[in-house]
Amino acid sequence: MIVLHYTAMQSARAALERLCDPGAEVSAHYLISERGEIWQMVGEDQRAWHAGAGQWGAVSDVNSRSIGIELANTGAHPFPEPQMQALEGLMHAIMARWSIPPERVIAHSDMAPLRKFDPGARFDWRRLARGGLSVWPGQALPEAETGAGAFLAAAERFGYAPGGADNLEPILSAFRLRFRPNAIGPLAADDCGAIEALAARFPVDRARPTA
């Protein structure tokens, strides 16, 4: 997989120093500055400490099954064009080298919805999907079942961790950060239609990987 993050720091240089500090116990394969500069800190065939606890589909050790890309961004401003262009070029190369399909590109918030929010509502996931670098629901399924149970079941088929009623809000929040960033309020029919479309088109574990 590829997992996308934002640094939540004031500058790319500060993020680079932290990611290279052994005492911080955090790392990533790549960091991209607002100006499009790319630093590689960990080999793509090596494990980086970028994802932490969480899961996507059947993969519970995401660090061992993913390449982490950090984007220099505080979380409160848009991602500049040079940074997005650099990201897209890097992703095309990584996905070709490792045969990563678009549905295996996720947000940090997707695999850890109880504790993470990055790369956040300002990140342009639809743009990545148009370029074949991620996925988008497309037309929502009008016949989709509604209600918390149906939403959570479809979310699990798409890749989100299994969630009971207590996990509805964090999973809904993570889903909306990526696919409906302007949505507010309680679970809606549009949420259910979109997640059903994603689950139908991109079920996460067609071949059930193990980790």
Side-chain angles (χ1 to χ4, degrees), residues 1-7 12 15-16 18-20 25-33 36-73 79 81-113 116 118-120 123-138 155-161 174-175 177-179 198-211:
M1 292 182 286
I2 293 175
V3 182
L4 300 183
H5 309 255
Y6 62 50
T7 59
L16 182 63
R18 178 171 174 78
L19 289 165
C20 292
E25 296 188 342
V26 62
S27 58
H29 295 86
Y30 292 96
L31 168 66
I32 305 178
S33 78
E37 302 160 297
I38 300 175
W39 293 276
Q40 183 173 5
M41 294 159 288
V42 179
E44 292 177 3
D45 61 342
Q46 297 179 320
R47 187 179 190 271
W49 296 348
H50 63 94
Q55 74 177 85
W56 186 250
V59 177
S60 57
D61 181 2
V62 176
N63 280 336
S64 293
R65 295 286 295 275
S66 64
I67 293 171
I69 302 175
E70 292 273 1
L71 300 167
N73 188 286
F79 294 78
E81 182 63 22
Q83 187 177 51
M84 290 299 295
Q85 289 186 8
L87 173 65
E88 289 165 336
L90 177 61
M91 288 179 63
H92 274 296
I94 292 171
M95 292 167 75
R97 278 193 291 271
W98 294 95
S99 300
I100 299 174
E103 59 266 32
R104 303 299 284 190
V105 176
I106 65 170
H108 197 191
S109 53
D110 288 330
M111 51 80 53
K116 293 296 180 180
D118 54 315
F123 185 75
D124 193 349
W125 283 100
R126 188 183 291 228
R127 169 175 171 160
L128 288 193
R130 286 198 299 265
L133 298 173
S134 187
V135 299
W136 198 254
E156 183 177 351
R157 293 197 305 275
F158 178 56
Y160 290 101
F175 162 78
L177 277 173
R178 182 170 168 184
F179 297 108
L198 288 165
R201 295 178 63 197
F202 310 108
V204 66
D205 288 325
R206 294 183 178 93
R208 304 302 295 183
T210 59

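The residues of the chain are indexed from 1 along the displayed sequence.
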Side chain of [X], backbone of [Y]: donor and acceptor closer than 3.5 Å?
| X | Y | value |
| --- | --- | --- |
| S27 | W49 | yes |
| N63 | R47 | no |
| H92 | G132 | no |
| H29 | V42 | no |
| E103 | V204 | no |
| T7 | N73 | yes |

I'd like to check [X] versus [Y] (side-chain heavy atoms, cut-off strictly below 4.5 Å). Are they in contact?
| X | Y | result |
| --- | --- | --- |
| W56 | V3 | no |
| I94 | I69 | yes |
| R201 | F158 | no |
| P119 | F79 | yes |

Exercise for the section: Go through the steps to decide whether Q40 and I38 satisfy the test side chain to side chain contact (heavy atoms under 4.5 Å, CB included), and finish with yes or no. Expected result: CA-CA 7 Å; Q40 183 173 5; I38 300 175; 5.7 Å; no
Problem - Residue from I100, V105, V59 passing side chain to side chain contact (heavy atoms under 4.5 Å, CB included) with M1 - result: V59
Exercise for the section: Rounded to the nearest 0.5 Å, what's the gap from NE2 on H108 to NE2 on H50? Could you check? Expected result: 8.0 Å
Handout entry: Rounded distance [0.5 Å steps], CG in L71 versus CZ in F123
Key = 6.0 Å
Handout entry: Side-chain donor-acceptor contact under 3.5 Å, S134 with R178
Key = yes
Problem - Qualifying residue for ring-ring contact (aromatic ring centres under 6.0 Å, His included) with W136, from F202, W125, F179 - result: F179
Exercise for the section: Could you pull out all residues at least two apart from W98 that satisfy side-chain hydrogen bond (donor to acceptor under 3.5 Å, both in side chains)? Expected result: E44
Practice task
State which residues pass side-chain hydrogen bond (donor to acceptor under 3.5 Å, both in side chains) with R127; sequence neighbours excluded, sorted by chain then number.
Solution key: E81, E88
Practice task
Might you point out which heavy atoms bring A174 and P113 nearest each other, and give the distance in Å?
Solution key: CB-CB, 3.8 Å
